[in-house]
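Everything below concerns the one structure shown next.
Here is the naming used below: chain letters follow the sequence lines, and residue numbers restart at 1 for every chain.
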Protein chains: 2
Amino acid sequence: MTINDIAKIAGVSVATVSRVMNKKGYVREETRKKVEAIIRDHGYHPNAVARSLISSHSSLIAVIMAERPFSFSSKVLETIESCAGEQGDSVLFYGTGAEQERELRAFSQAFEHQVKGILLLPVMESGEAAVNMIREAEAREIPVVLLDWDLYGEDFDRVVVDNKQVLYDGTRLLLEEGHRKIGVITCREVAKEGSRRRDGYLQCMKDHQIPLKDSYIYDGDFDEESGYDACRTFFALPDPPTAVLACCSSATLGCFHYFKEQNMELGKDVGLVGFDDISLVESMGYPVTTLDRLSREMGRNACSLLYQSMRNGADHKKIVLATRTIRRGSEHMGRCFSLETKG
Amino acid sequence: MTINDIAKIAGVSVATVSRVMNKKGYVREETRKKVEAIIRDHGYHPNAVARSLISSHSSLIAVIMAERPFSFSSKVLETIESCAGEQGDSVLFYGTGAEQERELRAFSQAFEHQVKGILLLPVMESGEAAVNMIREAEAREIPVVLLDWDLYGEDFDRVVVDNKQVLYDGTRLLLEEGHRKIGVITCREVAKEGSRRRDGYLQCMKDHQIPLKDSYIYDGDFDEESGYDACRTFFALPDPPTAVLACCSSATLGCFHYFKEQNMELGKDVGLVGFDDISLVESMGYPVTTLDRLSREMGRNACSLLYQSMRNGADHKKIVLATRTIRRGSEHMGRCFSLETKG
DNA sequence: TGAATGTATGTAAACGTTTACAGATTTGTC
DNA sequence: GACAAATCTGTAAACGTTTACATACATTCA
């Protein structure tokens with residue numbers, strides 16, 4: 001069933017059918033009605049492939065991310081799909097598992113499918129390879145937007161959380177509660193965001209003239225074990241911290257595990273500020289203070305940035321998003337919101 | 001940069017370039033080398049759109065699911081993407097939010113993009129609309145595979161968990177621990193899987209000649225609140241249950257919440273068997289017995305079923321997968337594995 | 001030697017749309 | 001009634017591939 005068949009049945013030319021479908025150009029009301037009826041009755045769907053070929057861009061956008069089963073990326077993806085859907089576009093999803101080979105394949109396939117745009121979450125160990133692929137996309141005039149990835153400080157379109165500020169705020173929260181000995185668990189994440197988070201802690205401690213102790217800084221990975229091990233290390237110290245700051249959601253859970261095992265009561269025996277959406281913990285009845293990246297906000301902003309730069313193409317923008325500090329059940333918005341434009 | 005440009009640069013015809021790219025037909029070794037070099041040097045990617053048009057099917061498969069931020073669906077998606085990638089295909093992701101309008105749009109767009117196949121997780125309140133769309137896909141010779149959705153008992157390709165058996169096993173687990181008063185929380189899920197789970201409980205109780213009590217059966221929704229409310233109801237009874245069986249992961253968490261709040265210790269004051277991957281809970285140090293649908297297995301099996309029926313098209317298959325009973329840290333595989341074929 | 005087969009390459013049609021252009025009809029204005 | 005403008009419709013080229021077919025040369029075998 002093609003546009004030709006529809007045209008034949010309706011007794012008009014393909015051009016007319018095309019005009020009806022696209023609501024473009026002059027069509028007599030009567031003709032339009034007739035054609036629309038035939039399209040409906042025959043369950044005809046125009047071939048997006050042929051459409052793409054002639055118009056030289058598809059109605060696809062690609063989302064490329066390292067697979068992480070946690071809620072952040074999955075909420076981002078959902079939001080993006082929803083936004084793209086509103087524009088009549090579909091989402092090509094690529095998980096990379098942080099493997100370089102799959103990353104390159106994802107870009108290749110996205111190119112081959114003539115995507116209109118690419119949304120990129122942190123994926124590569126080597127930022128260099130990423131930069132190359134983004135440059136190649138640019139050469140094809142395919143806009144790329146980075147999510148929560150301050151890649152190399154290059155001037156790409158991006159939506160980020162000010163990770164340094166977030167952890168600065170988190171640290172201050174603990175300081176305000178009277179803690180002076182604060183252990184921090186950094187997450188060696190891809191793309192250096194982990195170290196920015198660490199910088200926020202360092203800066204805040206410095207601003208409040210609290211001497212730093214190397215033993216209070218634990219360089220962990222992006223997993224629960226890191227949180228657990230960090231705590232074990234911290235609390236084996238002769239002078240252990242009184243509070244812990246976790247820089248990713250997995251580590252936060254690991255801390256929980258340790259505290260529970262040691263019968264340490266949160267807020268009494270030990271302070272904790274977590275990271276990201278750990279609403280499951282909340283669901284279980286634990287009031288946790290956490291620094292939540294607003295995944296839905298991020299997805300939405302990234303999409304509008306992408307569509308914007310499909311139209312303009314010109315200047316690069318950076319959107320810095322607020323985080324939400326969810327504080328023991330009550331919640332209030334963080335303050336770091338700004339919108340910068342860069343020529 | 002098109003195949004024409006490459007052909008011109010290489011001084012050969014487009015047919016030759018095509019043959020080189022597809023490793024199909026005769027090409028002199030020398031010519032092949034030259035063309036390959038030129039393709040590589042110019043970063044040429046063949047246009048998948050033009051390819052699809054001529055071959056009348058794309059290298060796309062669609063995954064349509066109601067969005068649930070929990071780990072099950074997101075792991076399934078990742079696995080599918082990985083399998084599709086191995087076949088050189090890309091995944092179109094559609095979240096429906098269980099809204100009928102978005103569901104229809106997802107199918108439409110999948111059709112328009114000429115997908116090779118559709119993987120369908122439970123999406124529709126109304127199974128009827130789903131059946132219609134699946135029939136339409138079949139009319140277009142697009143294979144559809146259902147995941148964990150025993151839709152209407154119709155003979156579609158599908159990969160399912162024997163939900164009745166799973167809950168049967170879960171109930172028996174509690175019986176073996178000596179419990180006789182077992183509360184069950186069903187989840188009114190889409191597509192009746194919830195009631196099959198309930199049937200498993202009923203059957204097991206009956207087989208063990210334990211009288212049923214209506215007050216021990218709570219019909220909940222797919223959320224944490226249901227788990228919490230169910231427990232509140234159960235333990236307000238004059239003769240409350242001694243153990244609880246939750247039929248979805250959210251409800252399991254809700255139970256936790258209640259037990260924690262009431263200072264009821266798991267395994268001592270109350271028994272609990274949960275559902276699905278609640279590894280987060282495990283991460284926090286709680287040893288939970290849970291009935292886990294093997295999401296990765298399911299994704300993998302669904303893909304192979306899909307690719308298989310692209311080739312054959314003929315008979316419909318049903319794969320019944322094992323679940324994994326994760327029992328207080330130690331784990332062993334459930335026994336319900338079988339592969340049925342239906343003409 | 002010449003036919004048959006195998007290898008290598010090119011030509012051109014086809015896939016299902018969109019759209020520039022042209023031609024035909026209607027409407028409006030003086 | 002004539003001319004311009006607006007409205008309606010059709011023809012055909014184009015998008016970037018694949019592939020059936022044709023052609024040409026090389027090899028094999030009787």
**Item:** Whether R102(B) side chain and G95(B) backbone form a donor-acceptor pair below 3.5 Å
**Value:** yes
**Asked** Can you find a pair of side-chain heavy atoms, one from I64(B) and one from F107(B), that are under 4.5 Å apart?
**Response** yes
**Item:** Donor-acceptor under 3.5 Å (D5(B) side chain, T2(B) main chain)
**Value:** yes
**Asked** Is there a side-chain polar atom (N or O) of Y26(A) under 4.0 Å from OP1 or OP2 of dT7(D)?
**Response** yes
**Request:** Rounded off to whole Å, could you give me the CD-to-C1' distance for the E30(B) and dT9(C) pair?
**Result:** 13 Å
**Message:** Regarding V49(B), tell me which of base, sugar-phosphate or nothing describes its non-hydrogen contacts under 4.0 Å with the strands shown.
**Reply:** nothing
**Prompt:** R28(B) has an atom CZ; how far is it from atom C1' of dG10(C), in whole Å?
**Reply:** 14 Å
**Request:** For residues V49(A) and S52(B), report the shortest heavy-atom separation together with the two atoms involved.
**Result:** CG1-CB, 3.6 Å
**Message:** Could you measure the distance from the OG1 atom of T16(A) to the CZ atom of R32(A)? Nearest 0.5 Å is fine.
**Reply:** 10.5 Å
**Asked** Which part of the nucleic acid, if any, lies within reach of T31(A) when heavy atoms closer than 4.0 Å are counted: base, sugar-phosphate only, or nothing?
**Response** sugar-phosphate
**Request:** Can you check each nucleotide of nucleotides 11-21 of chain C against protein heavy atoms at under 4.0 Å and return B for base, S for sugar-phosphate only, - for none, in 5' to 3' order?
**Result:** B--BBBBSB--
**Message:** Looking at T79(A) and K75(A), would you say the former's side chain and the latter's main chain have a donor-acceptor pair under 3.5 Å?
**Reply:** yes
